[in-house]
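Below you'll find the structure, written out as structure tokens, and then a few comments.
What's counted below: heavy atoms across the whole structure, side chains too, no hydrogens, waters or symmetry copies. Just follow the structure's listing: the first ligand is 1, and inside any ligand the first atom is 1.
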Amino acid sequence: MVRANVNSPFRKAPATHAAHAGSKRPSAARLRLTVLTAAAMAAVALSATTPSHAGEVEVLHWWTSGGEARAAQALRDMITAQGDTWKDYAVAGGGGDNALTALKTRVVSGQPPTAAQIKGPQIQEWGAEGVLANIDAIATDGNWNAVLPPAIASIMKYQGHYVAAPINVHRVNWLWVNPAMLAQAGATVPTTMASFFEAADKLKAAGMLPLAHGGDPMQDATLFESVALGVGGVDFYRKAFIELDAATLSGPTMVAVFDAMQRIKGYIDKGSPGRDWNLGTVMVMNGKAAMQFMGDWAKGEFTAAGKVAGTDYLCVPAPGTAGAFTYNIDSLAMFTQSSPQARSSQAHLATAVMSPEFQTVFNLNKGSIPARIDVPLDRFDACAQQSSADLRAASSAQTLIPSFSHKMAMSPAVEGGIVDVVSRFMHSSLSPKAAAAQLAAAVKAS
Ligand code: BGC
């Protein structure tokens, strides 16, 4: 039996979340205003309509691609097997921006779901709205403090109380590779940015599309994040995206990052704008594109299609980032429920999410690894084993960093400002220098 992530990989994680969550929060203030304005409405509405009525579990999420849907089905199966009714509240859109907009509307109208996929610093923001439920009793029963790495546990707590249940750890700095295409082009699997460009040039010269990319803000930001780490390294990433240091955001290394992004534009096809991330993964699978920068939810797509890691496709750290690990943790935040029955169904949900069985089945389908440290990984594939080992190594080396493009590092307002600039750069002729200057300006303004 392999107990691959037993050594508490997050134990030495930098204390960036707590420090950062409250530092720049204009969007929280905006959100608070809207929610508070609706508070009176909510009280009335709650007595009239309860979307999560007796025995019903309603979960807002954005797991709608093939692999994601299979993972979500595992949750649904567990809930219905326990005797509760599952009410699916899926809002499509990679990265979850659409889902979070829908969630705000629901909460403002006084009809929160039982739980919603809310991550990282955003849990603090929703906690500050006073709409999240204290689930300490469930966490105590389940011994959560003992089975979760402290850094993950602290993300799940608001003012010291559990308000969310963690599901997994996704790694974002991956490159997904079609090895047959690389072989055909005489290219080797890239490990550095320089060898990435070499491989991409060979693929292009051989008439193949080097990169599967969908031009939407989430994918632009995911690509940018890995390229920034590959070009600038961990200290640069921290200074830019954790400390939000203005000189770093606008400085020469950031210009070099945008230079690299400029070059990468030449490896992307004209059909890219608006293409969903999972269709990009299918392109790699079907030999239509050789590589994709994407978090390991992409592996869920390969798995759903019956593809085997190491044979049909390769998962390798994004070029130049092998020693680092950008993490993204999915979690379900629990909303305050008015009826005892709804609260009891919510307790079933939170308990199920933290069960070793669920953390195994969900993550086998999702591409991630369990959040619990005591779940054996022997049923997981080579990519998951590598993710777990790399997580541990990065934790010891202090190179474990939160993914900003997946809402783990900064407030939504700051993240939105950065992603806007990156996307604008990808879809216009903005120069690398101007983009770096705009990045610093956007962070200052948010
Ligand atoms: C979420 C994943 C999801 C991915 C694509 C990420 O931000 O954490 O659960 O699969 O977006 O939608």
Side-chain angles (χ1 to χ4, degrees), residues 17 59-75 88-103 115-123 152 155-156 164-174 176 212-226 241 274-282 292-304 315 325-333 353 358-359 361-371 383-384 387 391 401-410 412 415-416 418-419 422:
H17 289 290
V59 177
L60 173 120
H61 60 91
W62 60 91
W63 298 317
T64 55
S65 73
E68 290 175 330
R70 277 162 49 117
Q73 183 67 34
L75 183 55
D88 203 37
Y89 186 5
V91 181
D97 287 336
N98 298 343
L100 292 166
T101 303
L103 177 65
Q117 187 185 356
I118 299 177
K119 305 187 301 179
Q122 290 205 14
I123 295 174
I152 294 187
I155 297 169
M156 302 304 133
I167 295 177
N168 58 19
V169 180
H170 271 301
R171 183 187 198 176
V172 179
N173 60 320
W174 284 117
W176 305 91
H213 183 72
D216 67 27
M218 180 282 269
Q219 291 177 75
D220 293 338
T222 302
L223 171 66
F224 173 77
E225 172 176 297
S226 283
F241 305 118
R275 174 189 292 137
D276 289 338
W277 66 267
N278 52 312
L279 299 182
T281 310
V282 170
Q292 183 185 26
F293 285 82
M294 190 50 61
D296 45 20
W297 45 92
K299 200 188 72 188
E301 302 308 298
F302 287 108
T303 306
C315 52
F325 189 112
T326 39
Y327 64 85
N328 168 27
I329 297 163
D330 283 322
S331 44
L332 292 182
V353 162
F358 170 76
Q359 298 234 335
V361 178
F362 184 93
N363 291 309
L364 280 171
N365 287 301
K366 190 67 167 56
S368 33
I369 54 176
C383 300
S387 180
L391 178 57
I401 39 185
S403 162
F404 83 79
S405 65
H406 289 276
K407 311 191 192 313
M408 296 302 298
M410 51 185 69
E415 185 220 323
I418 291 181
V419 174
V422 171

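- For the pair W297 and ligand 1, the shortest N or O to N or O distance does not fall below 3.5 Å.
- The backbone N or O of H406 lies less than 3.5 Å from a partner atom in the side chain of K119, making a donor-acceptor pair.
- Considering both main-chain and side-chain atoms, M218 never comes within under 3.5 Å of ligand 1 through any nitrogen or oxygen pair.
- Regarding atom 5 (C) of ligand 1, its nearest protein heavy-atom neighbour is E68 OE2, 3.2 Å.
- Against a heavy-atom cut-off of under 4.0 Å, D330 is close to the following atoms of ligand 1: 1 (C), 2 (C), 8 (O), 9 (O).
- Between the side chains of S226 and N173, no donor-acceptor pair of N or O atoms lies under 3.5 Å.
- The atoms of ligand 1 that sit less than 4.0 Å from any heavy atom of G95 are 5 (C), 7 (O), 11 (O), 12 (O).
- For atom 7 (O) of ligand 1, the nearest non-hydrogen atom from the set Q219, Q117, H406, M294 comes from H406.
- Checked by atom type and distance alone, the side chain of Q219 never pairs as donor or acceptor with a backbone atom of G94 at under 3.5 Å.
- Under a 4.0 Å heavy-atom criterion, K366 is in contact with ligand 1.
- Close contacts of ligand 1 with G94, meaning ligand atoms under 4.0 Å from a residue heavy atom, involve 12 (O).
- Annotation for ligand 1: atoms under 4.0 Å from non-hydrogen atoms of N328 are 1 (C), 6 (C), 7 (O), 8 (O).
- Annotation for ligand 1: atoms under 4.0 Å from non-hydrogen atoms of W63 are 9 (O).
- A distance-only check finds a donor-acceptor pair linking the side chain of N363 to the backbone of I167 [under 3.5 Å].
- Remark: the backbone N or O of C383 is not paired with any side-chain donor or acceptor of S387 at under 3.5 angstrom.
- Within the 4.0 Å heavy-atom criterion, neither part of K407 lies near ligand 1.
- Checked by atom type and distance alone, the side chain of Q359 never pairs as donor or acceptor with a backbone atom of P370 at under 3.5 Å.
- The closest approach between G96 and ligand 1 stays at or above 4.0 Å for every heavy atom of the residue.
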> Please walk me through it: do N168 and S368 pass side-chain hydrogen bond (donor to acceptor under 3.5 Å, both in side chains)?
Replying inline: CA-CA 6 Å; N168 58 19; S368 33; 3.0 Å; yes
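- Side chain to side chain, E301 and T281 fail the donor-acceptor criterion of an N or O pair below 3.5 Å.
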